[in-house]
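Scroll down for the structure; my scribbles are underneath it.
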Amino acid sequence: MLAKRIIPCLDIDAGRVVKGVKFEDLRDAGDPVEVARRYDQQGADELVFLDITASAQDRAILFKTVEAVAREIYIPLTVGGGVRSCADVRALLSAGADKVSINTAAVLDPDFVTEAGERYGVQCIVAAIDAKRVKPRKKDAGAPPRWQIYTHGGRKSTGLDAIEWARTLVEKGAGELLVTSMDRDGTQEGYDLELLRAIADAVPVPVVASGGVGELEHLYQGFVEGHADAVLAASIFHSGAHTVGEAKRYLAARGIPVRL
Amino acid sequence: METIGIIDYGMGNLHSLQKSLERAAGGSRVLVSYDPETLLACDRLVLPGVGGARACMDELKRLELDRVVREAARRKPLLGVCLGMQVLLEHSDENGGVATLGLIPGQVVRFPDPPPPEPGAPADARLKVPHMGWNRVHQNRPHPLWAGVPDDAWFYFVHSYYAAPRDPAHVLGTADYLRPFAAAIARDNVAGFQFHPEKSQDAGLRLLANFAAWNGEG
């Protein structure tokens, strides 16, 4: 049976691991290589490495850090942030990434996802979706919730509907979706489970839940209520509140198949 | 000193495979090359692969590396990984159908599209394609490549197509996703893993060490 995946996320800014609240107020959380090595040893199933300011500041990805992290770990590594072209994808794969996450560039040109998938294989193309709940107006009372897509590290609204956009990305060839709730990111209040479930049930590819984990219960909810195939978290692991091993034993005890 | 050659036909990330082989096969030199003569001079070869079967076969032919693989298959230990394993078979359904190397009889077919979830179905009933993540591999029979690897160990998979060898004796290991499928295959000195040993921590490194020591029998 395929195990549900637990994925620590390293948000990287200027070569350091950082963690913000709602994509702002960045705080230092350590050296990427040390943090990656620690999670590998704890039994993390994959690592995600997001250069969170690359897109907004028009800055090249920190290839050296990617190389240093990839040298230290023998589990899959996804890298994202500022990926704009097939040359960027190839450079990241060459630096040691196994998968590359695309966000802003896919919104600007959805065919980029297709091109990258055809060239490097859909299994290494992850489409990142940063979604924010649309505040319901009075006349919409009782209507189902809606979410909108944001780009540029959460700074720019696109007007795209999150569920429709998820379907489009899969049609364009994304092999996996990384779904982040901007409302919940860094809040430790738990994933936006409605958003996750709406997307996970709408697409045939794996969905990774992101944004808002504050306790182990939230990981369980991501799988059972959010229908996610993998759960991503940062603060609960970076802060030392829980190890990846503790998270897995907790989930196993509650009946979730995990790799122990 | 023995040399292990990784066949570089320009698709994907060979660095993690190289560093894993270097770590697992401490006594061997590991090189990455697209030069036929350099590769043919190696003691054993690894055919990696990500991407589509058609692009893979096109590039192998363009670089005359299909000849290298066939030549190696006659006398040296040869290991295909992921797509590199799939092209060892005769035909792949990927990209509208592609004739592949034919070193192991059988076909490569796609996982069926998962059925739409039924209301109230448990979370684990929603199976997605690609098959992505860690799954257990059951060892169908003893083989030197399994030495020191526990049965039902976890390995990392990413694929939408799987190999269906015609002769069950060529299946070394089976994983279960939507259906049981061949996760490890071998015919004489030619072997293949559908999973990524270089991404599978200790069990993966052990398999690579076993390949580095394998005499091509079993």
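Chain A is the first sequence line, chain B the second, and so forth, proteins listed ahead of strands; every chain is numbered from 1.
Within a 6.0 Å sphere centred on CG of B:D176, heavy atoms belonging to other residues, nucleotides or ligands number more than 12. Within 6.0 Å of CZ on A:R254 lie more than 12 heavy atoms contributed by other residues, nucleotides or ligands. Applying the 6.0 Å contact sphere to OH of A:Y250 captures more than 12 heavy atoms from other residues, nucleotides or ligands.
Taken to the nearest 0.5 Å, the CG atom of A:D98 stands 7.5 Å off from the CD atom of B:E198. If you take OG on B:S16 and CG on A:L93, they are separated by 9.5 Å, rounding to the nearest 0.5 Å. The OG atom of B:S200 lies 8.0 Å from the CZ atom of A:R259; values are rounded to the nearest 0.5 Å. Interatomic distance, B:K199 NZ to A:I73 CD1, rounded to the nearest 0.5 Å: 5.5 Å.
Contact between A:D45 and B:W134 at its shortest, heavy atoms only, is O-NE1, 2.9 Å. What you find for B:G133 and A:L2 is that their closest heavy atoms are C-CD1, 3.7 Å. Nearest heavy-atom pair, A:P206 versus B:P130, reported as atom, atom and distance to 0.1 Å: CG-O, 3.8 Å.
For A:I256, no part lies under 4.5 angstrom from a heavy atom of chain B. With a threshold of 4.5 angstrom between heavy atoms, A:V89 does not approach chain B through any atom at all. Neither the backbone nor the side chain of A:I7 has a heavy atom closer than 4.5 Å to any heavy atom of chain B. Of the atoms belonging to B:H159, not a single heavy atom falls under 4.5 Å from chain A. Both the backbone and the side chain of B:S20 have a heavy atom closer than 4.5 Å to some heavy atom of chain A. Residue A:R5 touches chain B through its side chain alone, counting heavy-atom pairs closer than 4.5 Å. Heavy-atom distances place the side chain of B:L205, and not its backbone, under 4.5 Å from chain A.
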| field | Candidate pair A:M1 and B:R136, rule side-chain contact (heavy atoms from CB on, under 4.5 Å), full reasoning | value | CA-CA 7 Å; A:M1 174 183 279; B:R136 292 181 185 276; over 6 Å; no

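For B:K19 (side chain) and A:Y74 (main-chain N/O), no donor-acceptor pair under 3.5 Å exists by modelled atom type. Side chain of B:K128 to main chain of A:A200: a donor-acceptor pair is present (N/O by atom type, distance under 3.5 Å, no hydrogens or angles).
For the set A:G117, A:P76, A:G226, the count of heavy-atom pairs under 4.5 angstrom toward chain B peaks at A:P76.
Annotation: side chain of B:H131 is not in contact with side chain of A:Q123 (no heavy-atom distance under 4.5 Å). Annotation: side chain of A:D40 is in contact with side chain of B:Q201 (closest heavy-atom distance under 4.5 Å).
Partners of B:R70 under the side chain to side chain donor-acceptor pair (under 3.5 Å) rule, at least two apart in sequence or in another chain, do not exist in this structure.
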